[in-house]
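All remarks here apply to the structure that follows.
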Amino acid sequence: MMMSSRLVMLRSAASMMSRSLCTGAASRPGRAPDMEEGNPLLHVSNVRNRLRKIVGASTNWSDHQQAMLERAALSSMLAKSQGELPARSMKDSYLEVHLPLGSEPQLREKYLTHHNTVRFGRILEDLDSLAVLISYSHTHNPELKRSPLSIVTALVDKIDMRQHVIYPHCDIKFTGHVTWVGKTSIEAKMHMSQYLDGAYAPVLDATFVMVARDPENKRAAFVNPLQPDGPEEEKFLQEGETNKTRRVELSTASLLKVAPTNEERKIIHDLFLNTLDTNTVSFRSRVLPPNSVWMEDAKLKGVEICHPQQRNIFNRIFGGFLMRKAYELGWANACSYGGCRPSLVAVDDILFQKPVEIGSLLMLSSQVCYTQGKYIQVRVHSEVFDPLTQKHSTTNIFHYTFASDRDVPNIVPKTYGESMLYLDGKRHFNQTVES
């Protein structure tokens, strides 16, 4: 009973702190001046409505299916080469989207946790929709009523948290634009800030990689080239090239393709030696070291039936929904493992291998794969299961880095496969936290 009362007091204090921080120069607590009534703003709830209009999608399920069939006729409008398309600047794709949590209590309910913080899974959904809209802004052709392109998320390169608490009573602003373009792919950078103490404070920076496909989503399609305007845009473009090179190098060095490095082999062998039973001369007899957990005991699984309500504008399951579900499962696993509510440090290398069809049975499996001090690295694997054929197909891999408020037990692999997961988790941890 005392613990329960203490939790109530803590939540009440958090709520009062949130309201206090959000009170600034705005006419109402939590409301930023640029979100006052009368200002023409792109509301977060209108982003997906605008996307439906761009591709000619319908909000009605049965009409939506017919609209997707009609998109096949748009193939003749695709460019035969990138050279046919006019170059765009980064300003052409710049967007500012507002999430007025401070002034719309009904909207706030959708984002609120019972601990009086903001559900980060909902933020992931908004970022995914915004990245698609930014990409369509870059490829916009005013002469066409509907875009022939099907632009989807291929990769969440990274999301770096600048602030670990997102307050539910303060207005939020998203900004972003295209920063790099290949022949059929687009990199979009986005920033999220929150109105605190009379000014916007940075919350996170995100980099998404999108790909353009034909109207039926069967083959790649060309996108407009990017022409940088000025030194700042030149810098963004160069960073995009660097990111592409880094992604290629990481893919080439994947543990699914090549053996671990000499240093990594030593790490795994040392872990193995540390678990041998000194009382027996046997490779099979293993003993768990103090303050440690076997990797096989740090899993959490979930399942989702993919209903039409979760569809995107192309009649498949919305990538933001998948990210939200994977994040919440990964967070729950980190919470269970560390014994407290963890904070998110970074998201990186979320790979969308194949789309998830409506009606699919989606199976999610989260695994604590690396720990260091107070940090917990979690990998979430998602796959669709066909009950008729009994086949499993991987759709996504998610990587999350969490921080506990205390040191956590060491995760210890037992098998060779778990050792590879451990090394892969360590690589992702090094890329995010130590860099």
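Just so it is clear, the model here is predicted, and its values are computed rather than measured.
Looking at T207 and D157, their side chains never bring a donor and an acceptor atom within 3.5 Å of each other. Between the side chains of D348 and H428, at least one donor N or O sits under 3.5 Å from an acceptor N or O. Judged by distance alone, the side chains of N262 and R265 do bring a donor and an acceptor atom under 3.5 Å apart. Side chains of T401 and Q377: a donor-acceptor N/O pair is present below 3.5 angstrom, by distance only. Neither side chain, T113 nor H115, offers a donor N or O lying under 3.5 Å from an acceptor on the other.
Of the charged side-chain nitrogens involved, at least one lies within less than 4.0 Å of a carboxylate oxygen, so that R162 and D205 count as a salt-bridged pair. Salt bridge annotation for R119-E328: present, with a cationic side-chain nitrogen under 4.0 angstrom from a carboxylate oxygen.
For D160, the side-chain contact (heavy atoms from CB on, under 4.5 Å) test picks out K158, A346, with sequence neighbours left out. Remark: L112 engages E109, N116, P168 in a side-chain contact (heavy atoms from CB on, under 4.5 Å) (not counting sequence neighbours). Under the rule for a side-chain contact (heavy atoms from CB on, under 4.5 Å), the partners of T184 that lie at least two apart in sequence or sit in another chain are A220, F222. V209 pairs by the side-chain contact (heavy atoms from CB on, under 4.5 Å) definition with L155, R247, not counting sequence neighbours.
For residues 80-90, the side chain to side chain donor-acceptor pair (under 3.5 Å) pairs, not counting sequence neighbours, are S89-D92.
Cation-pi geometry between K189 and F236 is not satisfied (NZ or CZ under 6.0 Å from the ring centre, within 45° of the ring normal). For R48 and F318, the positive end sits near the middle of the six-membered ring, less than 6.0 Å away and at most 45° from its axis.
R213 contributes no side-chain N or O that, together with a main-chain N or O of V152, makes up a donor-acceptor pair within less than 3.5 Å. Counting only distance, with no hydrogens or angles, the side chain of Y400 and the backbone of Y327 share a donor-acceptor pair below 3.5 Å. Within the 3.5 Å criterion, the main-chain N or O of H381 finds no donor-acceptor partner in the side chain of S365. No donor-acceptor pair closer than 3.5 Å links the side chain of S360 to the backbone N or O of L362. In terms of modelled atom types and a separation under 3.5 Å, the side chain of E264 and the main chain of T261 share a donor-acceptor contact. A donor-acceptor pair is defined here as one N or O able to donate and one able to accept, closer than 3.5 Å; such a pair exists between the side chain of H138 and the backbone of N224. No donor-acceptor distance shorter than 3.5 angstrom exists from the side chain of H43 to the backbone of V97, with no hydrogens or angles considered. Panel note: side chain Q367, backbone M295; a donor-acceptor pair is recorded below 3.5 Å.
Each of I350, I159, I186 was scored for a side chain to side chain contact (heavy atoms under 4.5 Å, CB included) with F208, with one residue passing: I159.
In this structure, P86 and P225 approach most closely via the heavy-atom pair O-CD, 3.8 Å. Nearest approach of L322 to F352, heavy atoms of both residues: CD1-CE2, 4.5 Å. Contact between L107 and P100 at its shortest, heavy atoms only, is CD2-CD, 3.8 Å.
Using a 30° and 60° split on the angle between ring planes, Y136 and F314 fall in the tilted class, from 30° to 60°. Using the six-membered ring where Trp is involved, Y94 and H177 have ring planes that are tilted, between 30° and 60° apart.
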List the atom pairs, with distances to 0.1 Å, where a side-chain N or O of residues 124-135 and a protein N or O form a donor-acceptor pair under 3.5 Å, not counting sequence neighbours.
residue: E125; atom: OE1; partner: R122; partner atom: NH1; Å: 3.1
residue: E125; atom: OE2; partner: R324; partner atom: NE; Å: 2.8
residue: D126; atom: OD1; partner: Y111; partner atom: OH; Å: 3.3
residue: D126; atom: OD2; partner: Y111; partner atom: OH; Å: 2.6
residue: D128; atom: OD1; partner: T153; partner atom: OG1; Å: 2.5
residue: D128; atom: OD2; partner: G320; partner atom: N; Å: 3.1
residue: S129; atom: OG; partner: E125; partner atom: O; Å: 3.4
residue: S135; atom: OG; partner: A131; partner atom: O; Å: 2.9

